[in-house]
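Scroll down for the structure; my scribbles are underneath it.
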Amino acid sequence: MATQYHSSYDPENSASHYTFLPDQPDSGHRKSLKIISGIFLSSFLLLSVAFFPILNNQSPDLQSNSRSPAPPSRGVSQGVSDKTFRDVVNASHISYAWSNAMLSWQRTAYHFQPQKNWMNDPNGPLYHKGWYHLFYQYNPDSAIWGNITWGHAVSKDLIHWLYLPFAMVPDQWYDINGVWTGSATILPDGQIMMLYTGDTDDYVQVQNLAYPTNLSDPLLLDWVKYKGNPVLVPPPGIGVKDFRDPTTAWTGPQNGQWLLTIGSKIGKTGIALVYETSNFTSFKLLGEVLHAVPGTGMWECVDFYPVSTEKTNGLDTSYNGPGVKHVLKASLDDNKQDHYAIGTYDLTKNKWTPDNPELDCGIGLKLDYGKYYASKTFYDPKKQRRVLWGWIGETDSESADLQKGWASVQSIPRTVLYDKKTGTHLLQWPVEEIESLRAGDPIVKQVNLQPGSIELLHVDSAAELDIEASFEVDKVALQGIIEADHVGFSCSTSGGAASRGILGPFGVVVIADQTLSELTPVYFFISKGADGRAETHFCADQTRSSEAPGVAKQVYGSSVPVLDGEKHSMRLLVDHSIVESFAQGGRTVITSRIYPTKAVNGAARLFVFNNATGASVTASVKIWSLESANIRSFPLQDL
């Protein structure tokens, strides 16, 4: 049962203050909370219920809910991860009486998504003759997974996208059950080799080659499949449903040699197979795997690329030499999360070794600690950067997706750099082009937040924002507290932002209604171990993001290094039903999907808060309203 807070307004401080109250019995219906005091701010009631109010198991809205049969697994029988969301807490087959206004509000304004229907993995991103190209897994017939086709879109700036006709459809025996994930390799002469996984008429995963028919076409409208497909079939010892998602190739040690890796497993050991080729039509399996990690299960959507340890630019996939580390990323089918590790690649032996075995791929760091999967990078030669895409699936019910007519978005493209300060992390950051959507000057606010306080930040629309916030914790409290506090703290098991400690939580509340009956806090929590050493955690709490059942309501997050001299800093991209949160310059990232019933259509509010018990916090915030990216079809007359 959640804890309750009651409010008390201090006229000397525009922030409202809260006192902790113990848990109280729950009668099974949402009770009204006694309001000790309140205040009107800009004609809106700041608070009419307590900070982080209790959300009981049932509300009057649920009277119109009904149970429908649980949706079937989608994709598992064909050997890929389940494409049906199944929440571990809320039965996904409990339907909610969503209004059309609620569902319309969920559609994003500046994240890439198709006009309708289902989308999943990003595929074959590349830059060609002035255009960025994104291909993606798409079902043209429905808002659920199936009939996977390659959608295609182009952009001049990675933000304003134009839909193009399909690049490839499942029309051959070797891909009739799906044109699945693939990657592009651009040869020195400009030729584009697109390798992709096809699901055959016998449900065998094979690798196929496609290429554009006209390289002089900037839009790459026409693609042809190689007549000799498939070019790769599962090798002996590999399951016919455990062989998918070829990477971009890199040059080998021999002249004209190219290498690429494909994810698989042997038993419960995740592996990255390596093939060599000189022409992309005939391949040889090398005797040793690139890397293997026991207990991690099937590796999907493997990615492998270099990062510079000295410079701040990205590197071409084939780059190697001094001052370079290599990143190995795998999407784990078992837990549906993207894991990565940084290490050293021996090109001669074709072996990758993690810098820290305790942070090996699949058991250490994650690219994103929220709803994020099947990511893929590419090298952008225009701006000399490595750009990361990721699939952001839905965490509501399948019936709701069918009702609204679409499912899934892509993350905002992120640049990827090696974190030279820690030497252990990557830094992910939204591409700079997102700033082109900022509407005018930012709202700048500095707030002193006493323990247990929250303050409303006035914005025109809280549904489309770019927020930069930093927090300074009272040094006397931070250094003076020597006793252990929340030893072994974990975001996922903490109980969310309503769980208080001496030094946290503190952060930003997004997509809240004015009564705080729905809210999504993104925050820091500082715990202290038995040795008195502080550890910072970065969390996103969805437990009160919606009063609707059948949507995800967990707490995401992880620890994040905060080095000497650094403030606790975060950047949030808020876009209706998606929130992308970046801590400490992108060392730790969390993506959330939220489905409010009240904080919609002008009712969304933005707050900063400090729910610690023993430390004040100074918050410095910059807030930009973001305009729509106006994603639309390419003008037909120009095709």
Side-chain angles (χ1 to χ4, degrees), residues 70-76 78 80-90 92-93 98 103 106-108 111-123 134-140 142-151 178 180-181 244-245 298 300-301 329-339 366-376 388-414 520 540 542 545-546 548 550-554 556 573 575-581 589-595:
S73 296
R74 302 193 186 280
V76 175
Q78 292 174 242
V80 293
S81 58
D82 194 347
K83 300 303 187 291
T84 302
F85 170 70
R86 300 181 188 282
D87 185 42
V88 296
V89 177
N90 299 291
S92 62
H93 58 285
W98 296 98
L103 296 177
Q106 292 175 14
R107 189 169 178 88
T108 63
H111 281 76
F112 179 81
Q113 61 183 121
Q115 293 168 307
K116 61 180 181 179
N117 296 332
W118 169 274
M119 175 180 65
N120 53 291
D121 307 7
N123 293 156
L134 173 65
F135 306 88
Y136 52 93
Q137 303 280 278
Y138 181 63
N139 182 356
S142 177
I144 59 178
W145 184 87
N147 189 30
I148 294 301
T149 297
W150 268 34
W180 289 354
T181 293
R244 55 186 177 271
D245 310 333
M298 177 66 194
E300 298 187 293
C301 301
K329 187 242 45 174
S331 300
L332 301 194
D333 193 10
D334 285 358
N335 67 11
K336 308 300 184 290
Q337 293 181 313
D338 277 19
H339 291 251
K366 301 174 185 176
L367 279 179
D368 193 299
Y369 289 84
K371 185 63 176 178
Y372 185 92
Y373 197 62
S375 61
K376 183 173 292 295
L388 171 70
W389 285 95
W391 166 41
I392 314 301
E394 302 296 324
T395 59
D396 61 353
S397 68
E398 189 174 272
S399 60
D401 296 342
L402 289 169
Q403 184 180 349
K404 67 189 179 188
W406 58 270
S408 304
V409 302
Q410 298 293 338
S411 66
I412 289 299
R414 306 169 182 174
T520 300
Q542 298 179 190
S545 61
S546 176
V551 302
K553 295 181 181 179
Q554 64 263 60
Y556 293 129
L573 295 179
D575 191 4
H576 295 261
S577 62
I578 180 172
V579 181
E580 294 188 69
S581 305
V589 184
I590 306 170
T591 299
S592 307
R593 295 303 308 274
I594 54 178
Y595 307 91

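Small disclaimer: the values here were computed from a predicted structure and weren't measured.
The aromatic rings of Y595 and W98 sit perpendicular, their planes meeting at an angle over 60°, well past the 30° parallel limit. Taking the six-membered ring for Trp and thresholds of 30 and 60 degrees, W391 and W118 have ring planes more than 60 degrees apart, a perpendicular arrangement.
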**OP:** Output, in order, the C-alpha distance, side-chain angles, deciding distance and verdict of side chain to side chain contact (heavy atoms under 4.5 Å, CB included) for T591 and S411.
**Re:** CA-CA 9 Å; T591 299; S411 66; 5.7 Å; no

**OP:** Take T395 and Q554 through the side chain to side chain contact (heavy atoms under 4.5 Å, CB included) test and state the conclusion after the steps.
**Re:** CA-CA 11 Å; T395 59; Q554 64 263 60; over 6 Å; no

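Heavy-atom minimum distance, S592 versus A540: OG-CB, 3.7 Å. Here the closest heavy-atom approach between residue A407 and residue A143 is recorded as CB-O, 3.5 Å. Annotation for A552 and S545: closest pair O-OG, 4.2 Å, computed over non-hydrogen atoms. Smallest separation of non-hydrogen atoms from E394 and W406: OE2-CZ3, 3.2 Å. E580 and I412 get closest at one heavy-atom pair: OE2-N, 3.0 Å. The shortest heavy-atom contact between I578 and I392 is CD1-CG2, 3.8 Å.
Distance check, rounded to the nearest 0.5 Å: CG of N123 to CG of N120 gives 8.0 Å. The distance from atom CD of E398 to atom OG of S142, rounded to the nearest 0.5 Å, is 7.5 Å. Going from atom CE of M119 over to atom OG1 of T149 covers 14.0 Å, rounded to the nearest 0.5 Å. The CG atom of L367 lies 6.0 Å from the CG atom of L388; values are rounded to the nearest 0.5 Å. Taken to the nearest 0.5 Å, the NE2 atom of H111 stands 9.0 Å off from the OG atom of S577.
Within the 4.5 Å cutoff, side-chain heavy atoms of L402 are placed close to those of I144. Residues R414 and D368 have side chains in contact (heavy-atom distance under 4.5 Å, counting atoms from C-beta outward).
Checked against Y136 for a side chain to side chain contact (heavy atoms under 4.5 Å, CB included), the options W389, W150, F112 give a single hit: F112. Residue Y373 forms a side-chain hydrogen bond (donor to acceptor under 3.5 Å, both in side chains) with just one option from Q337, E300, K336, and that option is E300. Screening R593, K371, K553, K404 against D396 for a salt bridge (Lys or Arg N to Asp or Glu O under 4.0 Å) leaves a single residue, K404.
Of the charged side-chain nitrogens involved, at least one lies within less than 4.0 Å of a carboxylate oxygen, so that D338 and K329 count as a salt-bridged pair.
No cation-pi contact links R244 to W180, judged by a cut-off of 6.0 Å to the six-membered ring centre and 45° from its axis.
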